[in-house]
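What follows is a set of notes on a single structure, which appears directly below.
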Amino acid sequence: MTAIGNPPPPPTNGNDVVEGAAEEILVLYGSQTGNSEAAAHPEICSLLPAKLSSSSSTATTSRTSRRVITSRVMHLDDFLEVEKARWTRLVIIVTSSYGVGQAPIGARKFRDVCDEILNRYDDDGASSDGNGRANGGDCMDKKKNNDPRFLEGVQFALLGLGDSHYTTFFKNPTTIHKAMTLAGATLVGDIGKADASGTGNMEQSKVIDRWIENIWGDLAKAVTCTATSDNTVITKSDQLEKARIETWEICLELFPEWRQKSGMTNYASMMVALYIPLIGIVVALFRRTISF
Ligand SMILES: Cc1cc2nc3c(=O)[nH]c(=O)nc-3n(C[C@H](O)[C@H](O)[C@H](O)COP(=O)(O)O)c2cc1C
């Protein structure tokens, strides 16, 4: 079984991006009725590689440097599952609110983590607890285990959807924003606020389209500001790994069943590590026997 603080190793994907190698940026979403999903994919995800990849030459060295960006879309909850997620230094989050300011499908666990961050570190007191989870108390003593700024090095852009007819208008994106920045992540660009009750120029689909149109400049800056001229990304694989591990620790406290899952994963990889060489030896012996 995996101990707290010892999550399974990340899927390999350079956070230390090597020159000329493609860098992946994740588009993460939660959506109840499909609006956020449609914005995340195909809209943002399909435009992203063309908008953020670049090629430029320097006159002095006549050297061409290329930045190759790829994109992948997934639920916010899948991002938390270490076996599935590759942590990238920049993520784009698209999510609505549902129920009474709660998270929609695919974002509920992520919201639980955000609520927990607010429970632990927000001086204004306990979080909104949009998903009905018990607040405060029991986790306070775990506060010291985590660096409160454990998401430093993570950058995120946020497009939120909601409906101003609800008293809990925009509560889920607001909570996500508050928790992530509190934990040290950096917001890129402005938060999109797409209101289903918006009219005229503020109609939800128009606000979404405008946000998408306007965010590329900020995303490009976020991508370039941590890259050197030869496209070696300065961020900080150890920073991202720390963010991943500390988030994983919170997940294990909130979702104890995940311990089992990671235990299974470790068990499975142990079996593979054991059996593959064994099979190799048997095959080699078999071949030798035949050749005699
Ligand atoms: C049952 C229900 C509950 C909702 N609750 C909220 C809410 O608490 N706060 C809010 O801002 N919007 C709320 N909305 C509005 C949705 O967030 C909005 O319709 C959004 O466009 C849905 O996006 P999605 O399809 O990606 O989930 C609610 C909508 C429904 C149908």
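In this chain, numbering begins with 1 at the start of the sequence shown.
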(message) Taking side-chain contact (heavy atoms from CB on, under 4.5 Å) as the criterion, tell me which of Ile208, Ile93, Ile105, Leu161 meets it with Ser36.
(response) Leu161
(request) Decide, yes or no, whether a salt bridge links Arg210 with Glu213 under the criterion of side-chain N to carboxylate O below 4.0 Å. (result) no
(message) Taking Arg111 first and then Asp115, would you say they form a salt bridge - that is, a charged N and a carboxylate O separated by under 4.0 Å?
(response) yes
Main chain of [Y], side chain of [X]: is a donor-acceptor contact present, judged purely on distance under 3.5 Å?
{"X": "Asp218", "Y": "Val188", "answer": "no"}
{"X": "Trp211", "Y": "Asp190", "answer": "yes"}
{"X": "Asp77", "Y": "Lys109", "answer": "yes"}
{"X": "Glu246", "Y": "Asp147", "answer": "yes"}
{"X": "Thr224", "Y": "Lys221", "answer": "yes"}
{"X": "Ser53", "Y": "Ile69", "answer": "yes"}

(message) Using the rule side chain to side chain donor-acceptor pair (under 3.5 Å), only one of Gln239, Glu23, Gln155 pairs with Arg89; which is it?
(response) Glu23
Student check: side-chain heavy atoms of [X] and [Y] closer than 4.5 Å:
{"X": "Phe110", "Y": "Asp78", "result": "no"}
{"X": "Leu187", "Y": "Leu158", "result": "yes"}
{"X": "Phe156", "Y": "Leu151", "result": "no"}

(request) Over 60° means perpendicular and under 30° means parallel, so classify the ring planes of Trp87 and Phe79, tilted if in between. (result) parallel
(message) Check the orientation of His75 and Tyr29. Use parallel for under 30°, tilted for 30 to 60°, and perpendicular for over 60°.
(response) tilted
(message) Tell me whether the count of non-hydrogen atoms from other residues, nucleotides or ligands lying under 6.0 Å of CG in Asn214 goes above 12.
(response) yes
(request) Quick one: list whatever passes salt bridge (Lys or Arg N to Asp or Glu O under 4.0 Å) with Lys51, sequence neighbours left out. (result) none
(message) Under the rule for salt bridge (Lys or Arg N to Asp or Glu O under 4.0 Å), what residues qualify as partners of Glu203, not counting sequence neighbours?
(response) none
(request) Check the pair Asp238 / Lys242 against salt bridge (Lys or Arg N to Asp or Glu O under 4.0 Å), numbers first and verdict last. (result) CA-CA 6 Å; Asp238 50 343; Lys242 181 179 174 200; over 6 Å; no
